[in-house]
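Step one of this worksheet: look at the structure below.
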Amino acid sequence: MTTASKVRRWYKLHKWTSLVCTAFLLVSCITGLPLIFHDEIDALLSPATDNRPPLEIPHVSLESVVRKALHDNPSMHVLFVTIEEDTPQINVGLSNGLTPKAGGKIAVYDAYTGERAEDVLPGEGLMEKVLLLHRGLFAGVPGELFMGVMALLFVISLVSGTLVYGPFMRRLDFGTYRPSGPRRTKWFDLHNLLGIVTLCWASVVGITGIMNAASDPLFDMWRASALPKLLAPYHGKPAAEHIITPDAAAAAARRALPQMKVTGIVFPNPVMSSPHHFLIYTKGRTPITSRIFTPVLVDAETGQVAMAEPFPWYIHALEVSRPLHFGDYGGLPLKVLWAVFDGVLILVLSSGLYLWFTRRSWVEKGLDHLVAVERGQPV
Amino acid sequence: MSKRARSIWEIYRWPLLLAVIIMVGLLSALLGDGIWNALSWVLLAIPCCVIVCCIFVLRHRRDS
């Protein structure tokens, strides 16, 4: 294959992968902008009036709070209990079925007094709606899969674009921008300049987007690898009936991993945890370790710790993929810079669309000419 | 302005440097607080400055 025809192939790959995903990426960029600032927007929409410090171990027992939640919602099941880290609140996750997807709510209780604070229905908050649009265009699981594929096309487009950048810049200085030339030259320069400068950021956001879209399958993969040997002794036995309190389960986890904080307790459940164990989420106290969860599986009837091993690397990759995708960490200046990068990406995508719409662009004519020359064909 | 062909290294060296700067900037705020956040802000501001420079400051380039 001649060099020029290789370049033309990468160019066609770049052009067609971009073409398919650009419209959806623009939706992601635009919905992603407010999501960078979701903490700030949430605080604006529902200002916190509680200034009391959060509690790592609430003053009331989790069991008493769970009983209240079931008393107030008798037809629902308790899926999990979480202990809020920024405010003194206990969240009880209730559902009509075995997962939150069956429809449910989160009943919030005061961590000092156990009083009921509010009920939070999922999908109601503005930021939640924006997130649903961002993740799957409001189309549920097929929508999320689709957007994951769009993210994959985006990454392929970035790789092919980077490879095509080289040949196109052979006779141009880095950062060339010719605003007084023809309009398509100006947009071509802008597309290349903005694209190559922010390439690393775009790649990280694209790859972490794919990871986030794959979060459910990745978690299922962990359960499939970790649970069978733990569940083998329970084979044939019915699901646990007389289970210990979530407080006892949390205490067992704290004894097993004294340096970690318990943040969430998932009740025995065949989908979200194990039918015979509580799944306790614990995390570390330093900036790095606070992003990495270590799960603890506690036998639901005996209170014995069955497993307290860290998640495998692919779950850790998933855990850092969340902040690295949304840029909602590192303080307000980082979020502002993230928004700037987002704006640059919107310009890259728009300029790409413009260049595509310029039919039979001189870029393609130029490539065809080079291929013909190399092959010794008449031009 | 010169029309000579540039080498692969000449074409990709600034993009590579910027990619490293961005990567360190992204990870710095993730792995630490305080000074690590500030480092992140400084590093991630650099690509933004490069863009502004290329578009608004260095207008004399006329390579083709």
| task | Identify the residues of residues 336-347 of chain A whose heavy atoms come closer than 4.5 Å to a heavy atom of chain B, ordered by number, or report 'none'. | result | A:L337, A:W338, A:V340, A:F341, A:V344
| Whether over 12 other heavy atoms sit under 6.0 Å from A:W187 CH2 | no
Would you give me the side-chain donor-acceptor pairs under 3.5 Å for residues 10-19 of chain B, sequence neighbours excluded?
from: B:E10; atom 1: OE1; to: B:R4; atom 2: NH1; distance (Å): 3.4
from: B:E10; atom 1: OE1; to: B:S7; atom 2: N; distance (Å): 3.1
from: B:E10; atom 1: OE1; to: B:S7; atom 2: OG; distance (Å): 3.3
from: B:E10; atom 1: OE2; to: B:R4; atom 2: NH1; distance (Å): 3.3
from: B:E10; atom 1: OE2; to: B:R4; atom 2: NH2; distance (Å): 3.2
from: B:Y12; atom 1: OH; to: A:T162; atom 2: O; distance (Å): 2.5
from: B:Y12; atom 1: OH; to: A:G166; atom 2: N; distance (Å): 3.0

| Which portion of A:L193 sits near chain B, non-hydrogen atoms under 4.5 angstrom | side chain
| request: Report, as yes or no, whether the 6.0 Å neighbourhood of atom CZ on A:R285 holds more than 12 heavy atoms from other residues, nucleotides or ligands. | output: yes
| field | Shortest non-hydrogen separation from A:F311 to A:E319 and the atoms involved | value | CD1-OE2, 3.6 Å
Pair up each side-chain donor or acceptor in residues 24-40 of chain B with any protein partner under 3.5 Å, not counting sequence neighbours, and list the distances.
from: B:S28; atom 1: OG; to: B:W36; atom 2: O; distance (Å): 2.6
from: B:S40; atom 1: OG; to: B:G25; atom 2: O; distance (Å): 2.5

Donor-acceptor contacts, no H, no angles, side chain residues 197-209 of chain A, under 3.5 Å, sequence neighbours left out:
from: A:T198; atom 1: OG1; to: A:L194; atom 2: O; distance (Å): 2.7
from: A:S203; atom 1: OG; to: A:L199; atom 2: O; distance (Å): 2.7
from: A:T208; atom 1: OG1; to: A:V204; atom 2: O; distance (Å): 2.7
from: A:T208; atom 1: OG1; to: A:V205; atom 2: O; distance (Å): 3.1
from: A:T208; atom 1: OG1; to: A:H325; atom 2: ND1; distance (Å): 3.1

| At a heavy-atom separation under 4.5 Å, does A:P323 approach chain B through its side chain, its backbone, both, or neither? | side chain
| B:L44 versus chain A, the contacting section by heavy-atom distance below 4.5 Å | both
| field | A:D368 bridged to A:R8 by N-O distance under 4.0 Å | value | yes
